Amino acid sequence: MDLGKLKTTAGLDLEAKRVLVRADLNVPVKDGKVTDATRLERLVPGLQDLAKRGARVVVISHFGRPKGGPDPQFSLKPVADKLGELLGRPIVFASDCVGEPAERTVAALSPGRVAVLENLRFHKGEEKNDPAFAKRLAALGDLFVGDAFSTAHRAHASTDAITQLLPSYAGPLLMEEVEALRSVLDSPARPTAAVIGGAKVSTKIPLLTNLAGKVDKLIIGGAMANTFFLAEGVNVGKSLAEPDFAKTALEIMHAAKMRHCEVVLPHDVVVASKLAEGAKASTVAALEVPPDQMILDVGPETVAHYASVIGQCKTLVWNGPLGAFEVAPFGEGTFGLAREVAALTTAGKLVSVAGGGDTVAALNAAGVTDRLTYVSTAGGAFLEWLEGRTLPGIAALARAAH
Ligand code: 3PG
Ligand code: MG
């Protein structure tokens, strides 16, 4: 995939043009209220730019995972309201993303105004990447802007098939995400480090394998580290681990060694007899976990060691927490390292890029999100990129006609 082929709308005359923007409005909503608007906030400058240029802006998105038909609990209406609030201008909402309601809404939309259409996944054709459904969407625009990096790992009608039907461009948020990830993986300032945490080796094998060939230091945290300990014959007590993947962990360590990549594991760990708020916790050497205890976080020595390894590097990519950060006191390792990474970044010593659902929540809890070089809004798409995979939604934009 030639990313150089991604084109933006810069310099195009958009006056009175119907611009169909595929955004990712899939944000957490509780009791009809958006609880984390990060993805919406990041979209706003791009939408504002289109509106200022006189475009008739038509935003399309999925929301949640409805079963291929209309379902009020997956309506985009509350999200559209929040987006309007952030844009500081009223938004027109259409009760369907194709057909009469959508056509009527778009026909009545004046230049400089923004419309949001109802959830794309209320139609089966969306997830099937159905050309006939894409054609109904394409009828609503003069040109298409793909600005949903976090949905780019899905080959759906609104991310893939549609790019064959309209002149198609990459949106500013998508470009920003792609550039941030390229800066850490394609031509980074070396040495480079990756912090990979989370619960399971099994879900991150392709990612660990790909990174082992790319970075100089592969720093492992979270319950995933326990499987690496098992592989080395270390007793992990009652800790969460995947014995079936111990062999895989050994293979990853071997592959890393062959490529002169150092795998860095915890020195000391925080243990307790159960994962519960306020559980009695103690810090022990990773080699001395008592049989009735489980590892729930990395210890302070480990944080200091990880920070010094990262301190020797110029570039860092981070995915996954180092412990059970949602449950106090087992977030201290993740928060401590997050503060160190933020300090190195603000001192101009480190380029730091982080992403993935839990990671962003952990960085937010540590209060450092704004102090990293870039924090991606993507979950699955960020992981697939780190795995070295081609994201269909980006490949489609790269090969689209303009
Ligand atoms: C996400 O939140 O990861 C994206 O919006 C994609 O959603 P999906 O996993 O339901 O396809
Ligand atoms: Mg997802």
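For this chain, numbers begin at 1 and follow the sequence in order. We count ligands from 1, going down the list as the structure has it; atoms in each ligand are counted the same way. Both backbone and side-chain heavy atoms feed into the values below; hydrogens, waters and symmetry mates do not. These numbers were taken from a predicted model, which means no experiment stands behind them.
The distance from the CE atom of Met253 to the CG atom of Leu208 is 11.0 Å, given to the nearest 0.5 Å. To the nearest 0.5 Å, atoms CG (Leu337) and CD1 (Ile219) are separated by 7.0 Å. Taking OG1 from Thr209 and NZ from Lys214, the interatomic distance works out to 12.5 Å, rounded to the nearest 0.5 Å. How far OG1 of Thr302 is from CG of Asp297: 9.0 Å, rounded to the nearest 0.5 Å.
Between atom 3 (O) of ligand 1 and the options Glu127, His156, Arg39, the minimum heavy-atom separation is to Arg39.
Residue His153 places no N or O, backbone or side chain, under 3.5 Å from any N or O of ligand 1.
Classification of Glu384 and Arg389 as a salt-bridged pair holds, one side-chain N sitting under 4.0 Å from a carboxylate O.
Contact between Lys204 and Gly320 at its shortest, heavy atoms only, is NZ-CA, 4.2 Å.
There is a side-chain donor-acceptor pair under 3.5 Å between Asp24 and Thr151.
In this structure, Ser150 is part of the shell of residues with a heavy atom less than 4.0 angstrom from ligand 1.
Counting the atoms of ligand 1 from 1 in the order shown, those under 4.0 Å from a heavy atom of Asn26 are 1 (C), 2 (O), 4 (C), 5 (O), 7 (O). Close approach of ligand 1 to Arg121 (heavy-atom distance below 4.0 Å) involves ligand atoms 8 (P), 10 (O), 11 (O). Of all the atoms in ligand 1, the ones that sit under 4.0 Å from a non-hydrogen atom of Arg154 are 8 (P), 9 (O), 11 (O). Applying the 4.0 Å criterion to heavy atoms of Asp24 picks out, from ligand 1, the atoms 4 (C), 5 (O). Of all the atoms in ligand 1, the ones that sit under 4.0 Å from a non-hydrogen atom of Thr151 are 5 (O). Residue contact check: Arg65 has heavy atoms under 4.0 Å from atoms 8 (P), 9 (O), 10 (O) of ligand 1.
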